[in-house]
Amino acid sequence: MYGMAHRALRQMMHDRLGASTWTKVERETGTGPADLISLCVYDDSKTIALISASAAHLGLPVEEALRDFGRYWVRYAELSSFGPIMDFTGQDLVTFINNLDRMHRSVVLAMPDARVPSFTLLDETRQRLLVRYRSERTGLEAFVIGLLEGLMDRLNETGTVHVAERTENAAGTVIDFAIELDRT
Ligand code: HEM
């Protein structure tokens with residue numbers, strides 16, 4: 001993944017446990033400044049190693065750390081140079097999700113080697129959204145849950161996210177996420 005993800009993780013760890021813990025994560029994973037360049041692409045195994053080591057320091061299972069990281073990512077992106085793009089993407093959940101692929105396409109203009117996922121809103125009622133996620137990657141389910149929770153935080157919604165259906169194989173992943181909103 002792009003170094004921007006590594007920098008976001010470093011920032012999350014700085015916020016939670018301080019710079020000295022992140023230094024330990026770097027040491028344990030053989031990471032240095034060259035692995036943290038926003039616009040460089042790194043093998044996903046590097047990203048996973050950083051998350052696993054961070055999870056151990058946070059005292060969380062890797063899946064929980066991935067979810068926290070997804071939630072954190074939305075706030076991190078808001079403060080990055082991509083903040084204005086997020087504003088244009090939508091001010092409510094339905095609009096945002098419908099524009100997410102367009103938003104990622106504009107990210108790809110800046111980061112041409114990004115392998116971004118695709119999101120489709122399959123069904124919508126006032127209290128429930130069904131969102132299909134397609135990716136050539138596997139293992140990021142908890143990250144997506146955190147991202148969707150982060151979007152809810154950003155757009156002043158509360159609710160829960162769970163997996164309604166999943167197909168994951170070597171060719172990639174298709175997961176339908178149900179967002180149950182606390183609306184009356
Ligand atoms: C301005 C905000 C955002 C930016 C700048 C951004 C950018 C990126 C970038 C650079 C990657 C890495 C691709 C790669 O290195 O191959 C990525 C991956 C990803 N993004 Fe976004 N993204 C944003 C918001 C979101 C949101 C709101 C969601 C979902 C609700 C999302 C879902 C994902 C997922 C799940 C991945 C992992 C790749 C995969 O599943 O295949 N992103 N994004």
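Only heavy atoms go into these numbers, but all of them, side chains included; no hydrogens, no water, no symmetry mates. Residue numbers start at 1 and run along the sequence shown. When a ligand or atom number is given, it counts from 1 through the structure's own listing order.
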Answer yes or no: are there more than 12 heavy-atom neighbours, outside Arg183 itself, under 6.0 Å from its atom CZ? yes
Please list, in number order, the atoms of ligand 1 under 4.0 Å from a heavy atom of [X].
| X | result |
| --- | --- |
| Ala77 | 1 (C), 2 (C) |
| Met86 | 1 (C), 2 (C) |
| Met103 | 1 (C), 2 (C), 3 (C), 22 (N), 23 (C), 24 (C) |
| Leu100 | 26 (C), 27 (C), 29 (C), 30 (C) |
| Met111 | 10 (C) |
| Trp73 | 3 (C), 6 (C), 7 (C), 22 (N), 23 (C), 24 (C) |
| Val107 | 4 (C), 5 (C), 7 (C), 10 (C) |
| Val144 | 35 (C) |

May I ask you to decide if [Y]'s main-chain N or O and [X]'s side chain share a donor-acceptor pair within less than 3.5 Å?
| X | Y | value |
| --- | --- | --- |
| Asp176 | Ala164 | no |
| Tyr76 | Arg71 | no |
| Thr173 | Asn169 | no |

Say whether Thr95 and Asn98, considering side chains only, have a donor N or O and an acceptor N or O under 3.5 Å apart. no
For Asn99 and Thr89, which I'm curious about, is there any donor-acceptor pair between the side chains at under 3.5 Å? no
Identify, for [atom], the protein heavy atom at the shortest distance, and state residue, atom and that distance.
| atom | value |
| --- | --- |
| atom 39 (C) of ligand 1 | Ser135 OG, 3.3 Å |
| atom 38 (C) of ligand 1 | Arg137 NH1, 3.2 Å |
| atom 12 (C) of ligand 1 | Met1 SD, 4.0 Å |
| atom 15 (O) of ligand 1 | Tyr2 N, 3.0 Å |
| atom 32 (C) of ligand 1 | Leu147 CD1, 3.4 Å |
| atom 19 (C) of ligand 1 | Pro117 CD, 3.7 Å |
| atom 11 (C) of ligand 1 | Val116 CG1, 4.5 Å |

Derivation and outcome, side-chain contact (heavy atoms from CB on, under 4.5 Å), residues Glu124 and Ile179: CA-CA 10 Å; Glu124 170 199 351; Ile179 306 177; over 6 Å; no
Below 4.5 Å, heavy atoms only, C-beta onward: do [X] and [Y] meet side chain to side chain?
| X | Y | result |
| --- | --- | --- |
| Leu93 | Leu129 | yes |
| Gln11 | Asp15 | yes |
| Phe119 | Arg132 | no |

Identified side-chain contact (heavy atoms from CB on, under 4.5 Å) counterpart of Leu9 within the set Trp22, Trp73, Tyr72: Trp22
Looking only at N, O or S atoms, find the one in His104 nearest to atom 21 (Fe) of ligand 1 and name it. NE2
Are the aromatic rings of Phe177 and His162 close, with centres under 6.0 Å apart? no
Do any heavy atoms of Ile85 fall under 4.0 Å from ligand 1? no
Just distances here: any N/O of Tyr133 and N/O of ligand 1 closer than 3.5 Å? yes
Restricting to heavy atoms, the pick from Phe82, Phe143, Phe119 nearest atom 5 (C) of ligand 1 would be Phe82
